[in-house]
Number of protein chains: 2
Amino acid sequence: MNQLKEALETLKETGVRITPQRHAILEYLINSMSHPTADDIYKALEGKFPNMSVATVYNNLRVFREVGLVKELTYGDASARFDFVTSHHYHVICESCGKIVDFHYPGLNEVEQLASHVTGFKVNNHRMEVYGTCPECTSKEVH
Amino acid sequence: MNQLKEALETLKETGVRITPQRHAILEYLINSMSHPTADDIYKALEGKFPNMSVATVYNNLRVFREVGLVKELTYGDASARFDFVTSHHYHVICESCGKIVDFHYPGLNEVEQLASHVTGFKVNNHRMEVYGTCPECTSKEVH
DNA sequence: TAAACTAATTATAACAATTATAATTTAAGA
DNA sequence: TCTTAAATTATAATTGTTATAATTAGTTTA
Ligand SMILES: [Mn+2]
Ligand SMILES: [Mn+2]
Ligand SMILES: [Zn+2]
Ligand SMILES: [Zn+2]
């Protein structure tokens, strides 16, 4: 696939070694249309890599984040989720089942500017998520 | 103080017992102009309550959240922060020192509506934070 | 291609934030 | 004051993640 090739190219350019584990983690991230946790990835690959350490998954996700290949979505108690970076988008999250769905919206530059102006902060970026109930969970609700 | 009185009244109305610990935690939350962690609160009150358990702090913060008195701000690895609920506002967070500063901005209803329309979710609320560097940290930077 | 160098992986332990458990204490109403 | 359910305490358990140190394996260089 094209995205995988480009990702491997990015690793090569930044001097990050390409190992079978990294290849497999990237491949999984790109192909899974979801937003997996480190443990999801670990479990999904344990057939192919029975000896892979969970630390390897975490280490490599951090490397991928550092070179800009993935975004880490962090939440309170729950485990972090990882998103292979394509175009800029936001997420809507189901409070019932935890599903995360992408949606596109122009960046909130105005909010960043106002925050900067009002607080004197040098603003770098922002985080925005919408919470609600997904169609599947809504239809399952008692009525 | 007025806010404390109202908060205690809310507890009474919802049938939540008012204990010295709860009184002190609420008082601390209202008076501290910051966004303390559970441990901040625990440490701040250990003079007055040498035997208070950290579980009590967590339990009561959960109770306060459930009756709508406080908001819990959750982050990835770092510990949660708690904000006594006054008016609706957003936060700008310093990536260097962790400081959290309030700022006001009209709610992002349009984003919620678009997300709902595009994904079919029943939308309840959203989360938005701006990240950057606070004036103090900016002036400390090497140049 | 082989050796050398260094980064990556593994196994394991440690950590930190939070929650569960069970015994004891206490707030609030009768 | 008595009663009772709720709250607190002390402690252990849990969970997600990171640190450590020994081993393995990419990549470079000769
Ligand atoms: Mn996404
Ligand atoms: Mn606030
Ligand atoms: Zn759902
Ligand atoms: Zn700062």
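Naming: A, B, ... by sequence-line order, numbering from 1 per chain. Note that these values count all heavy atoms, side chains included, but never hydrogens, waters or copies made by symmetry.
- Listed by chain and residue number, D40(A) satisfy the side chain to side chain donor-acceptor pair (under 3.5 Å) test with T37(A) (two or more places apart in sequence, or in another chain).
- Remark: E110(A) engages Y105(B) in a side chain to side chain donor-acceptor pair (under 3.5 Å) (not counting sequence neighbours).
- Screening residues 30-39 of chain A for salt bridge (charged side-chain N to carboxylate O under 4.0 Å, His left out) gives D39(A)-K43(A) as the qualifying pairs, with residues at least two apart or on separate chains.
- The ring-ring contact (aromatic ring centres under 6.0 Å, His included) test applied to H91(B) returns H35(B), H89(B), not counting sequence neighbours.
- Heavy atoms of T56(B) sit under 4.0 angstrom from at least one base atom.
- If you walk DNA chain C from 5' to 3' and mark each nucleotide with an atom closer than 4.0 Å to a heavy atom of chain A, the marks span dT6(C) to dA11(C).
- Comparing the helix axis at one end of the helix from dT1(C)-dA30(D) to dA30(C)-dT1(D) with that at the other, each defined from 5 consecutive pairs, gives an inter-axis angle of 30° (nearest 10°).
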Look for any protein N or O under 3.5 Å of an N or O in nucleotides 15-18 of chain D and output each such pair with its distance, or none.
residue: dT17(D); atom: OP1; partner: A80(A); partner atom: N; Å: 3.0
residue: dT17(D); atom: OP2; partner: Y58(A); partner atom: OH; Å: 2.3
residue: dT17(D); atom: O5'; partner: Y58(A); partner atom: OH; Å: 3.4

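- Taking Y90(A) as the reference, H88(A), H126(A) meet the ring-ring contact (aromatic ring centres under 6.0 Å, His included) condition, with sequence neighbours excluded.
- Geometric assessment of R127(A) against the ring of Y75(A) yields a positive cation-pi assignment under the 6.0 Å and 45° thresholds.
- Hydrophobic clustering of Ile, Leu, Val, Met, Phe, Trp and Tyr side chains at less than 4.5 Å, counting indirect connections, keeps V101(A) apart from L29(A).
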Nucleotides 1-5 of chain D: which of its N/O atoms have a protein N/O under 3.5 Å away?
residue: dA5(D); atom: N3; partner: R17(B); partner atom: NH2; Å: 3.3

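- In this view, Y131(A) satisfies the ring-ring contact (aromatic ring centres under 6.0 Å, His included) rule with no residue, not counting sequence neighbours.
- If P50(A) and K12(B) are placed on DNA chain C by their nearest nucleotide, the residue sitting closer to the 5' end is P50(A).
- Residues passing the salt bridge (charged side-chain N to carboxylate O under 4.0 Å, His left out) test with E72(B), sequence neighbours excluded: R65(B).
- The two residues C97(A) and C134(A) make their nearest non-hydrogen contact at SG-SG, 3.9 Å.
- Side chains of T119(B) and V130(A) form no contact here, defined as non-hydrogen atoms less than 4.5 Å apart.
- E136(A) is linked by a salt bridge (charged side-chain N to carboxylate O under 4.0 Å, His left out) to K99(A), counting only residues two or more places apart in sequence or in another chain.
- At whole-Å resolution of the value, CG in L11(B) and C1' in dA7(D) are 13 Å apart.
- No chain of hydrophobic side-chain contacts below 4.5 Å, direct or via other Ile, Leu, Val, Met, Phe, Trp or Tyr residues, connects L73(A) to V85(A).
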